[in-house]
Amino acid sequence: MGIRGWIVFLSLMTLLASARPLSEKRPTDLLTQLLEKSTVYNQGQIFTWRSERKATGLWCRNTDTKGDGKPHSIDCFSKNRLVLRERDRNGDGKMDEFTSYGTDEKIVRQIDSHFDGNLDVEETLVREGPYIVRTTRRAKGKKPVIWAVVSVEHYPLAQEEGKAGHDGAEEEALKAMQATEGLRPLAKPFEAPSDDGKNVTTKFGFQVAKDCLDTDAKLAERLHETLAEGVKCLIKLDDEGKNHVSKIASLLLGQPSPRLMCTLEGQKWGRREALSSLPPEPPWIAVNPTFLAAATPQTMKQTLFHELFHPLGYAHQSDVDYPYACSFCCFPSEAKTDAEKKKQPLITDLACKICGAHFEGGVDNLDYLKKMAAFLPKILKAHHGTRPLLQYLKKHKGEPEEREAEFALVRSLSGVFEAPVASALLNRLEPVTDKGEMALLNLVRFYDKKPWAPQYASASKRLVSAVDAWTEGNDDEAARLIRESSYPSRNDPQLKDIDPGILDAVETSLNRTRLAVAELIYDSYGTQGAKVKEERFQTEVLEPLARRVSGL
Ligand SMILES: [Zn+2]
């Protein structure tokens, strides 16, 4: 670039920099937070809050590491993809490094190297090979410098190399971990963390609260093991597995550091085993100490790995369910009985096929929904599939895919306790001719012959009518049907000899499906701006149902 080019380039950069919103100060009082739709989280001295950039449609996570009310690090996302990172490297309250992440895998970083308000350095990072990134640095008045480094930060790892499970996959995984800044500590043996009196900081980026270590002194080491094994497992999967690995690397390097804790402020654990944050909240995982004390090492790893995926940006039901898929793929449950041992490889295979795949359109992807409908009932989490399937049915009503989606819904409810609902759904779909559909029908009808099933037929039919009313846009009718659903008395002569535990399980399954429909009705009211209906429905239907399902 000639000197003229430099002048154009630099003035353009100055212009871009001044086009940023002037104030992204930390909102101090609750009213301002509400008005600005931001929430402030405080982790010790570190504050994090969300802001929106209306002009570009990005949402940003601002982090104040000095406690002076100004952001020193801003990460901006389009949906959940990191597109812009800004840093205040000298802590003077002004941003001096701007990095943009293109969809073409090109990273451009502009730096104010003299902290004088001029962006005088530009670095372009382009991926050249599996682990190679070529960086070109252009500084004002100097010759461009080019270097290539073995680093894959923010890039899908080793895409060109190998298929799942092939020879040498392990070494490849190790190589990739050693090459990626955020993962390097995972490729090495566990090192004792440092302790600042309040927090324990591990060498791999996580902070572990002290009360966790009081319950399990080896928890930091177990987390290290979980991450190392998990990353090795993900690298062997298809492209999306490598994408998860990049996200984990960013999480471990990111500001604020992810935290592992064992207390939930202002909340009771109840039957919860663990919880974790979703963006824009800063990343944390919380583990119930009672569960921590009792869980087997494998169960603990499965749980930690599951919880790790929420801070990466994946919620149940509204996003592709990588938390369940990846934790069951990389850390299968311990099979005890022969039946469990026989089922295990099938469950792992299904889980890995979901974990390693990218699903265009997310939960609005029929291939994804069908895979989940087969996987979730096998890990006894069928209800997580209901809501996205119902949304798909409404959106694609009258389209050729509708019937396939209906069968996926039946499949997701094909467990023994859900059979009355699956059976009522099937009544609308007969006649059935397809072989796969026939097998499913036979299974459901077999379970539907259980002695309690007929007593739940009318409640199930009502529930299916509620589904139909909601998919047709008749929210009030759907609400009425959900509200009025009632179950037979336990003194019913047909039921009084049946184990009450079975009847509880049947009613919990029915309630979970009712809850999925109820949540959708509640959302519909919300989007219509029907405030009164929304509030009444929440207190009269949604909350009591949620309490019954969680057993609180
Ligand atoms: Zn979860």
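On a predicted model such as this, the values are computed, not experimentally measured, just so you know. Whatever order the structure lists them in is the order used to number ligands and atoms, beginning at 1.
- Counting only N and O atoms by type, the side chains of Asp364 and His396 include a donor and acceptor under 3.5 Å apart.
- Evaluation of the side-chain contact (heavy atoms from CB on, under 4.5 Å) rule for Asp367 yields Phe359, Asn365, Lys371 as partners, not counting sequence neighbours.
- There is a side-chain donor-acceptor pair under 3.5 Å between Glu334 and Thr296.
- Screening the protein for N, O or S atoms under 2.8 Å from the Zn ion (ligand 1) yields 3; no waters enter the count.
- Not counting sequence neighbours, the partners of Ser524 by the side-chain contact (heavy atoms from CB on, under 4.5 Å) test are Lys394, Trp470, Asp475, Gln528.
- Residue pairs meeting the disulfide bond (SG atoms under 2.5 Å apart) criterion with at least one partner in residues 226-289, sequence neighbours excluded, are Cys212-Cys262, Cys233-Cys330.
- For an aromatic pair to be called close, the ring centres must be under 6.0 Å apart, and His306 with Phe331 fails this.
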